[in-house]
Amino acid sequence: MNIRKHQELLDFWEYSHGFDSEDGTVPIDEDVTFEATRQELQIELEHFDEMELELELHPIKDDDIQPEDEHPNKTMLKRELRAIALKRLEDGARTVSDFEEVIKEWDHLDSNRERKERYHEIGRENLDSKKDVAPLAIVIPAPINHAYWRQLMKGDFIDIISNCPNEMYNSLSDEDYSKIIYDLKDDHKELIYFLYLRDFTTNQLAALRNQSDRNIRGVRSTILRQIEKKVLMILVDRQEEDFPFTNGNLTMEELDFLTRHEEEIPATLEKLNKEKLALLKEIGVVIRRITREQEKRAKEEAKKCKKNNRANRKKEV
């Protein structure tokens with residue numbers, strides 16, 4: 001330790017312990033205490049000198065510092081180091097700029113995750129769009145830029161086979177939603193296919209079907225209302241099931257749909273209960289019919305057994 005720093009520590013110690021007076025004199029009754037504490041301070045300063053000398057001879061490297069929860073012989077991966085760095089950044093955030101830096105790191109991680117998901121996904125795209133297609137398709141042919149071609153190369157033929165009005169219900173993974181599209185009329189299927197899968201405008205579809213644009217928009221509104229009512233019945237039925245965590249199985253879009261149609265839920269629930277009751281009655285009628293047929297067959301078989309027994313007795317006689 002240099003002389004200047006040494007003297008500064010001594011002056012601070014004298015001031016903090018009240019031994020530094022304005023006239024520079026020390027009372028007689030505090031002389032012994034002053035000398036004893038000064039000797040203790042001198043010993044502590046000598047220890048500081050030894051510690052500084054040890055650090056100069058053997059400096060501590062950053063590689064020697066291991067996290068408390070890590071084994072010293074473990075080789076850490078790059079993502080683990082980044083996670084530890086982000087954790088330290090979160091714990092050390094105090095100001096607004098620090099929190100903005102933390103949010104920036106979170107956004108960066110989210111963008112990387114979404115990019116990786118997009119890389120492995122095969123999304124639908126507008127088949128009529130010429131976006132991102134090379135001019136005259138000299139270098140890369142135009143069909144290769146389409147999602148259908150990438151699906152073909154991966155062996156996924158479901159969307160390609162279902163790319164027509166009568167087969168588009170196969171593209172839905174949910175059985176209940178698929179049945180809604182399956183039960184539509186052929187004209188309504190055609191309208192849904194061209195407006196929402198092929199992205200036609202109402203004027204284009206009206207010209208294709210030789211109808212007016214107003215007629216197309218009216219039929220579209222009717223179809224959408226019918227589909228919304230059926231979807232609402234499906235979601236209300238799933239919510240009213242007695243299975244635990246039923247709401248957790250609904251997606252955010254389905255929950256938002258229920259929120260937007262909250263006023264219609266009581267009427268839908270009443271209608272659903274009536275349909276269930278009617279279905280139970282039909283099942284009861286079918287069960288009673290099957291029971292009567294089984295009893296009738298049992299009687300016929302009993303009669304046949306009696307006739308056979310009589311015939312056998314006559315033969316024996």
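Note that CD of Glu101 and OG of Ser97 are 8.5 Å apart. Values are rounded to the nearest 0.5 Å. In this structure, the separation between CD1 on Ile103 and CD on Glu105 is 11.5 Å, given to the nearest 0.5 Å. Within the model, atoms CD1 of Ile180 and CE of Met233 stand 10.0 Å from one another, a figure rounded to the nearest 0.5 Å. Distance NE2/His108 to CZ/Arg82: 6.5 Å, rounded to 0.5 Å. One distance of note links CG of Leu235 with OG1 of Thr251; it measures 8.0 Å at 0.5 Å rounding. Summarising the geometry, atom CD belonging to Gln294 is positioned 10.5 Å from atom CD belonging to Glu301; distances are rounded to the nearest 0.5 Å.
Ile84 and Leu86 sit in two unconnected hydrophobic clusters of ILVMFWY residues. Membership requires side-chain heavy atoms under 4.5 Å apart, directly or through other members. Leu279 and Ile234 sit in two unconnected hydrophobic clusters of ILVMFWY residues. Membership requires side-chain heavy atoms under 4.5 Å apart, directly or through other members. Under a hydrophobic clustering in which Ile, Leu, Val, Met, Phe, Trp and Tyr are joined whenever their side-chain heavy atoms come within less than 4.5 Å, directly or via other members, Val102 and Leu81 fall into different clusters.
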Practice problem: Could you please spell out the steps behind the side chain to side chain contact (heavy atoms under 4.5 Å, CB included) verdict for Glu100 and Val96? | Solution: CA-CA 6 Å; Glu100 289 178 352; Val96 176; 3.7 Å; yes
Exercise. Apply side chain to side chain contact (heavy atoms under 4.5 Å, CB included) to Gln239 and Leu250, showing your working.
Key: CA-CA 9 Å; Gln239 265 195 335; Leu250 300 180; 3.9 Å; yes
Self-check item: Worked check of side chain to side chain contact (heavy atoms under 4.5 Å, CB included) between Leu191 and Arg209
Solution: CA-CA 10 Å; Leu191 188 142; Arg209 302 179 63 172; 3.7 Å; yes
Quiz prompt | Chi angles and distances behind the side chain to side chain donor-acceptor pair (under 3.5 Å) call for Asn166, Tyr193 | solution = CA-CA 9 Å; Asn166 295 325; Tyr193 172 75; over 6 Å; no
Practice problem: Go through the steps to decide whether Asp174 and Arg238 satisfy the test salt bridge (charged side-chain N to carboxylate O under 4.0 Å, His left out), and finish with yes or no. | Solution: CA-CA 13 Å; Asp174 193 295; Arg238 292 180 181 179; 3.0 Å; yes
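Side-chain contact between Ile290 and Val286 is present, with heavy atoms from C-beta onward closer than 4.5 Å. Looking at Met252 and Phe257, their side chains never come closer than 4.5 Å, going by heavy atoms from C-beta outward. Using a 4.5 Å heavy-atom threshold, the side chains of Ile223 and Ile192 count as touching. Side chains of Leu197 and Met168 form a contact here, defined as non-hydrogen atoms less than 4.5 Å apart. The side-chain heavy atoms of Glu228 and Leu232, taken from C-beta on, include no pair separated by under 4.5 Å.
Here the shortest heavy-atom pairing between Tyr177 and Val231 reads CE2-CG1, 4.2 Å. Considering every non-hydrogen atom in both Lys189 and Ile181, the closest pair reads CE-O, 3.2 Å. The nearest pair of heavy atoms linking Val236 to Leu269 is CG1-CD1, 3.8 Å. Closest approach of Glu167 and Ser162 over heavy atoms only: O-CB, 3.1 Å.
Partners of Glu90 by side-chain hydrogen bond (donor to acceptor under 3.5 Å, both in side chains), not counting sequence neighbours, listed by chain and number: Trp106. With sequence neighbours excluded, no residue forms a salt bridge (charged side-chain N to carboxylate O under 4.0 Å, His left out) with Asp186.
At distances below 3.5 Å, not a single donor-acceptor pair connects side-chain atoms of Asn215 with backbone N or O atoms of Gln211.
Side-chain contact annotation: Tyr169 with Asp183, donor-acceptor N/O pair under 3.5 Å absent.
In this structure, Lys104 forms no cation-pi arrangement with Phe99, as its terminal cationic atom is not both closer than 6.0 Å to the ring centre and no more than 45° off the ring axis.
Remark: of the listed residues Asn203, Leu205, Thr201, Leu205 is the sole one forming a side-chain contact (heavy atoms from CB on, under 4.5 Å) with Ile216.
Pairs engaging residues 259-287 under the side-chain hydrogen bond (donor to acceptor under 3.5 Å, both in side chains) rule: Asp237-Lys276, Asp256-Arg260 [sequence neighbours left out].
The number of heavy atoms from other shown groups lying within 6.0 Å of CD (Glu300) is above 12. Counting heavy atoms of neighbouring residues, nucleotides and ligands inside a 6.0 Å radius, atom CD of Glu293 exceeds 12 of them.
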